2 protein chains.
Amino acid sequence: MNVLRKVENQTLHARVYQELRNAIIRGHFAPGEVVTIRRLATELGTSVMPVREAIHRLISERAIEMQGSRSMRIAMLTREKIEDLIRVRSIIEPEAVYLAAGRIGEDDILELEVLNRKLMRAIKHGDVDDKLLANRAFHFAVYEIAASPMLLQVIDSLWLQSGPYLQSLFASADRFHEELGTEFINDELIEAFRKGDAGLARRIREKDIRVSAEWYLNHLDE
Amino acid sequence: MNVLRKVENQTLHARVYQELRNAIIRGHFAPGEVVTIRRLATELGTSVMPVREAIHRLISERAIEMQGSRSMRIAMLTREKIEDLIRVRSIIEPEAVYLAAGRIGEDDILELEVLNRKLMRAIKHGDVDDKLLANRAFHFAVYEIAASPMLLQVIDSLWLQSGPYLQSLFASADRFHEELGTEFINDELIEAFRKGDAGLARRIREKDIRVSAEWYLNHLDE
DNA sequence: GCCCCTGATATGTGATCACATATCTTGTTC
DNA sequence: GAACAAGATATGTGATCACATATCAGGGGC
């Protein structure tokens, strides 16, 4: 049996990219927070080079914004941008669910039930980090089943940009599930998968995205 | 009156990125062609630094593939990848058309008619470059009307990856329009816009993407 | 004549340096 | 005491260098 840990094989800038990306997704940076290459390099213990490449990639993915010519900040989500993101997500993700419903197998469904239980446990007892990770794990497991690398890439990019929004949403996940009665919406989704009703599954996911966003936008002023 | 040309203000790596991106979209690189940073830097007359950043961005956008740890090539489109791209494009782009139909104005329609005439002229008399540019101009004009930056970004990324496919398709554009009788499909689209029939416009665009792809895939063996 | 080994070349990556300029600090003047 | 200007600092960008290693060529052994 091999007891060696898998050696860290990626290039440094790839690791820095993953590190920053995860930090952004988990909301470890405040939206609008100014980042500088040299500061991040110091914190990560590297030179500026890998950080430069990672940052530029995140800028091209719109997770970081170039302000002037010499100032970069974590992307801010205006109400307008959130509405746009949600509009696009409610087009694409339900369609991915529809595709997944056409290819899903019994073992996939069992796997989804496990992930959903983890998610519900995280929402009940976990911190925001747990909730976000469990939520991502569940939905990306669904999207993986759709077996479309392109779709997965697109959705991944949209979720990266949704980071701060999801962060806020799941910070009060129990409250909004309670108010909307959507606590068991993923169970409904799984049930639709089991019945083989792809259209229903699509509608459920669309409703989930839309209703959550409406609730969030209505409570934005608070 | 200011007679000065607008000074080239962007950073060098941004310009290199645009240069390479355009070259890929226009098919100036062969799919699978090996590219090296140093060679491109020499050709472009810069050091390796700007090229590095541009290349890494194109890799993250899947226009360039990292083969081993030390070899990069222009992305190749397998039949499988094309099918996936088309599947995703037939989901997203008709939806963008649907959104555009709900916001389009008479002046937009006039503009589209101009662009469509240019496209048809390019297909009749232009070279592949002209056809590709005119086609892109027409459809992106439609997508701009949808007024969704996110959607535009997603579609842009899909078109970048479709580069070699579109290149082949438009190389025989007149032939496939003749065989399929789709020469006036954009006129139909504009007509649907004029009637305010968003659903029809969506169906037309969906059919356009699907039928073109089927024709192309059927002729792939030749 | 074919295969494998070894040295040479090529290549991506990371670090450091140089530079222009945006941003902040501080001191001076009214 | 406040406003503005000049110097200092910080920062992104581009070039160059160093290095590990992948890739290739040529020669030697069987």
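Each chain gets a letter, A, B and so on, in the order the sequences are listed, and its residues count up from 1. Everything numeric in this text was worked out from a predicted model, so none of it was measured.
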Let me know which of A:R89, A:R202, A:R205 forms a salt bridge (charged side-chain N to carboxylate O under 4.0 Å, His left out) with A:E95. A:R202

Give, ordered by number, those residues of residues 43-55 of chain A having at least one heavy-atom distance below 4.0 Å to an atom of DNA chain D; if nothing qualifies, reply none. A:R52

By nearest-heavy-atom nucleotide on DNA chain C, the more 5' of A:S71 and A:H13 is A:H13

Assess, by modelled atom type and distance only, whether the side chains of B:E53 and B:Y17 contain a donor and an acceptor separated by less than 3.5 Å. no

Gap separating the CD atom of B:E214 from the CD atom of B:E83, nearest 0.5 angstrom: 10.0 Å

Integer-rounded Å distance: D:dG12 C1' and A:R70 CZ: 5 Å

In whole angstroms, the gap separating P of C:dG14 from NE2 of B:H56 amounts to 8 Å

Would you find more than 12 non-hydrogen atoms of other residues, nucleotides or ligands less than 6.0 Å from A:E43 atom CD? yes

What orientation do B:F176 and B:W215 show, parallel under 30°, tilted 30 to 60°, or perpendicular over 60°? tilted

How long is the line joining CG of A:L12 and P of D:dC19, in whole Å? 17 Å

For DNA chain C, which residues in residues 29-40 of chain B have a heavy atom at a distance below 4.0 Å? B:V35, B:T36, B:I37, B:R38

In whole angstroms, the gap separating C1' of C:dA22 from CE of A:M66 amounts to 11 Å

Does atom CZ of B:R39 have more than 12 heavy-atom neighbours, drawn from other residues, nucleotides or ligands, at distances under 6.0 Å? yes

Could you tell me how the ring of A:W159 sits relative to the ring of A:F140: parallel (under 30°), tilted (30 to 60°) or perpendicular (over 60°)? perpendicular

Between the CD1 atom in B:I92 and the CD1 atom in B:I209, the distance rounded to the nearest 0.5 Å is 9.5 Å

